[in-house]
Amino acid sequence: MEIDWSVIDKKWQKKWSENNDHETDYNDKEKKFITVAYPYPNSPQHIGHGRTYTITDVHSRYLRMKGFNVLFPMGFHYTGTPILGMAKRVEANDAELIEGFKTLYKVPEDKIKEFAEPVKIADYFHDEIKSGMIEMGYSIDWRREFTTIDPAYQKFIEWQFRNLKEKNLIVQGSHPVGWCPKDQNPVSQHDTLGDVEPDFTEYIIIKFDLNGVKIPVATLRPETLFGVTNIWINPQVTYQKIKVNDEIWIASPECARKLEFLEKKIEVIEDVSGSDFVGQSAKAPHNDDSIVILPASFVKSDNGTGIVMSVPAHAPFDYQALLDCKSGKNKSITSDLLKNIQNIEPISMIKTEGLGDIPAKDIVERMGISDQDDPKLEDATKEIYSKEFYEGILADNTKQFAGKKISEAKDEIKEWITEIESADILLELTNSPVKCRCGAECVVKLLSNQWFLDYSNKDWKDKAHTCFEKMNIFPNEIRPEFDQVLDWLRERACARQHGLGTKVPWDKEWLVESLADSVIYMAFYIISKYVNKKEIDGNNLTDEFFDYVFYGKNDSEEIANKINITKEKLEEIRTEFLYFYPVDARHSGRDLVPNHLTFFVLNHVALFPEENWPQEIVVNGSVLMGGKKMSKSMGNIIPLREAVRKYGADPIRLTILISAELLQDADFNAEAINGIKNKLESMYEDCNKIKAEEISELEPEDKWILSMLQNLASNVSESMDKIRLREALHHILYDFDSELQWYLKRTKSKQRTNISGILHKIFSNRILMLSPFAPHMAEEIWEKLGNTELASKSAWPSSVGIEFDPTSIQTETLLKSIIDDINNILKVTKISPKKITIYTADKWKSKAYSLILRNVLDGETNIGTIIKSLIANKETEEIKKDPDFVKKILNDILSESIELRKGKMDVEQIDESQIISSELASLVKNDYNVELNVFSESDSEKYDPKNKAKTARPFKPAILIE
RNA sequence: GCGGGAGUCGCCCAGCCUGGCCAAAGGCGCAGGGCUUAGGACCCUGUCUUUUAGGAGUUCGUGGGUUCAAAUCCCACCUCCCGCACCA
């Protein structure tokens, strides 16, 4: 049968929407507030986004069926810079981007024209994403929808920011960023040509003094100051004499430009040649030693200040350059100078195990380096640097720092030089040149007056840790990562100068950064409903209003009057907030662990009382396409709406859920989705045939299958409670099939015609369990099964209302294992059976069996001990004849599940002869079309030509096939 | 470098926390059979090696160890993936 998925999808989506099934207000029932990270509408959603939202929807639907009043709302995050960047590119007629809109996203041309305006982009994809969510059947309360640039939301963010500032959690400082000097804007990966992230490093500038003029050397290793022997300058380079704030420096022109962006006032006085300084001496800041300036070609003007200090003992470049000087190879050295420098020797000042006193010398010699322009010097430098950094100890000639590890002393030394006013900081790109999309070359800029969320605040961190400790984290494996992130977090910029968003309330030059305005918005879903219903005017909202709704502060009547609503309305909003808060679950992809999810907790603990702290975080992995990462360049991104049109909502939902557990990457591929489609279709067909008949007297197999159904229900519920959706789905869709097969085989061989009622019960329960996962198909089948209520409105079948029957489990297990054994024998012997004879075990064996079982359950598995106790017992002393029997029984028992063992202990021992005679005969007749004879081992009249009977064991009767 | 995680029977993916239900679930693929005019779908059987009696052997990245018993616990090693900030 061909199923038109879209017809079914639409049919039930319409019904849910007509019934307002997903609109949730406060009432007397227990609530669950389930939220998920809202989307950033700069592109349509693809299957990967669908995973997080689908998991959230399944969670919501499950809890709804469990009887909770579940709120699942959605908003749209307009705030941020990428959309702004896109709008600029549209305005500039960027062919690549526009082509992408056309072919990849299928945006109509007239719409693209409007995209020069950023809000239009957001609006367009907002609609697109929302439609996709509806088409996926997400049970969202759309009355609460908002965007982060709505006036009411902006008031809310202002309240949040003022509140954090009052608590001293927002502080001011400066911060380095990648910067485009032309756009006057910070740049990050998506703003640059080739999508490179500007990466920068901090050089320490140490200032040597030359008659009042500063000779600044830039270094990554300030600790090596103690080993300085000379200074290198490039005689080929034209330097500049510049005024830096109040000092006069000599530096390369490139350096002068860099310094301008680092909050320095720069004035160029004149050009000077590097060669002018060769042979002069400058005073070292730490000991006033006179340090000679020597020429070196390896010094580059675009690196640091264009001047470096020389530490020949520990820097291979310096060692080699010094050799070049002393040997007279370097022509810019006068003969006088040449004489003077012959006594310059490397000063060893770091001791490292495995390295000599002068490691630079050793490595230069080892690598066979011959001059300072040898590229091998880079490797040599790296090797020594990392070894010394992690293992090096500062030597005695380093004064107060002697004995310390480099990795520890580095910062102390930096501070010390800074204190004696001989140091400065130079930030420099390590992956330059980085070009902005506008074409300009980027620099590092120190942004001053930047606003920070002070995530380094100890009390704040502690509180967040406390919250995490009490929270459920699914899956729990991710918990250490949260703790780690929390510890590592420090001040974080929370304001930007461009993009969409809310102005920082006390500093209108700045906009609230988009990861800062998206941390407590779950609370806003309560308010947005009233704004959307026009019961309150977003423009009127005040801090007092939010203080009342969230904290119950001050007098409701007074506040209500001020914002022109009734006191009752205001109190209603407060009541609703108190009802829905705290957030019971927050879902998101794992990429948000180190940022949003952690900030979400931090901001909640800062702004809300403990009873309103989040209760649970659920994190999921991403989705792969046919085993590969989704990416634009691979062209393997499938927009969600396109996929829904192609496959139907439910097959997509199930495919992304069943392919992996929460944290694993799920794989989406054509085979998987077809498998799911077929599975659903065959369930649909099966259910079409079943009628809801009266269930008559229960036969053993009926009791068994219903017990298994009960098992299924409790297993699935358990998985659902742990958000192990893959596992739950497996139980529902596949695991039960083999039980059902056995049941059908049993009833078929008994030629029963009265099982429709039982099957109806089984499928009804399975469909209900399937309903959160495949809501459309479940409703459709549920209707076919003759129900008038919606499946999604029915109670979750935690229990199927059947008494669990352990005896029937024993019976069916016995029958199955005999059939298995017969099949095994037939397979090995390849005979076609004419007659099958079964021998059941003697009474004393049964007695021994239960004694051994008792022992195992009590933890006694030592054969010797067990045998002794059996021999001591009159009823079982016969085992003396066959001690091997005990070993076999013990293995039988150990190879069974603990449940089964307990089951055997709990119920009366089943009468094997009786069961085999009454139930097995029909199966054997059905499967092999032969007669079955049953004897007891002790039966003296038995037919036993091959002497098989004596091998019979309890639950393992002997078999003779002829 | 720091931090987190993973390596399972052709592939994907469970199992590991709480050792014995484990030659190890399920899906996909593959082979055979059934159904069908045919194909698809569906159903059955098989899919580490070996075995003419329901058995035996060797497997869970590698090497050790603990234990009566290890995919599971401990130690070491190898390989791979992800995050590391002002960006959603």
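Here the structure is a predicted model, which means the values were calculated and not measured. Within every chain, numbering begins at 1; the chains are lettered A, B, ... in the order of the sequence lines, protein sequences first and strands thereafter.
Using a 4.0 Å heavy-atom cutoff across all strands shown, E661(A) reaches sugar-phosphate atoms only and no base atom. Residue contacts shown for L663(A) are absent, as no nucleic acid heavy atom lies under 4.0 Å away. Here R590(A) lies out of heavy-atom contact (under 4.0 Å) with every strand. Across all strands, E727(A) comes closer than 4.0 Å to no nucleic acid atom at all (heavy-atom distances). As judged by a 4.0 angstrom heavy-atom cut-off over every strand, R953(A) is placed among residues making no nucleic acid contact. Within the nucleic acid shown, S518(A) has no heavy atom closer than 4.0 Å to any nucleic acid atom. Nucleic acid contact for D667(A): none, since no nucleic acid atom lies under 4.0 Å from a heavy atom of the residue.
For A88(B), its base sits under 3.5 Å from the side chain of N595(A) at one donor and acceptor pair at least.
Between R726(A) and E661(A) there is a salt bridge, since a side-chain N of the basic residue sits under 4.0 Å from a carboxylate O of the acidic one.
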Sugar-phosphate or base contact per nucleotide [nucleotides 50-55 of chain B; S, B, -; heavy atom under 4.0 Å]
--BBBS
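Atom-to-atom, CG of L489(A) to C1' of C2(B) comes out at 15 Å; the value is rounded to the nearest Å.
Here D944(A) pairs with nothing under the salt bridge (charged side-chain N to carboxylate O under 4.0 Å, His left out) rule; sequence neighbours left out.
Pairing for G1(B) is with C84(B), a Watson-Crick or G-U wobble pair whose two hydrogen-bonding atom distances lie under 3.5 Å.
The shortest distance between the side-chain N/O atoms of S659(A) and the OP1/OP2 oxygens of G27(B) is not below 4.0 Å.
Between the side chains of Y928(A) and N823(A), at least one donor N or O lies within less than 3.5 Å of an accepting N or O.
A residue-by-residue look at A660(A) and Y40(A) shows that A660(A) has its nearest nucleotide of RNA chain B further toward the 5' end.
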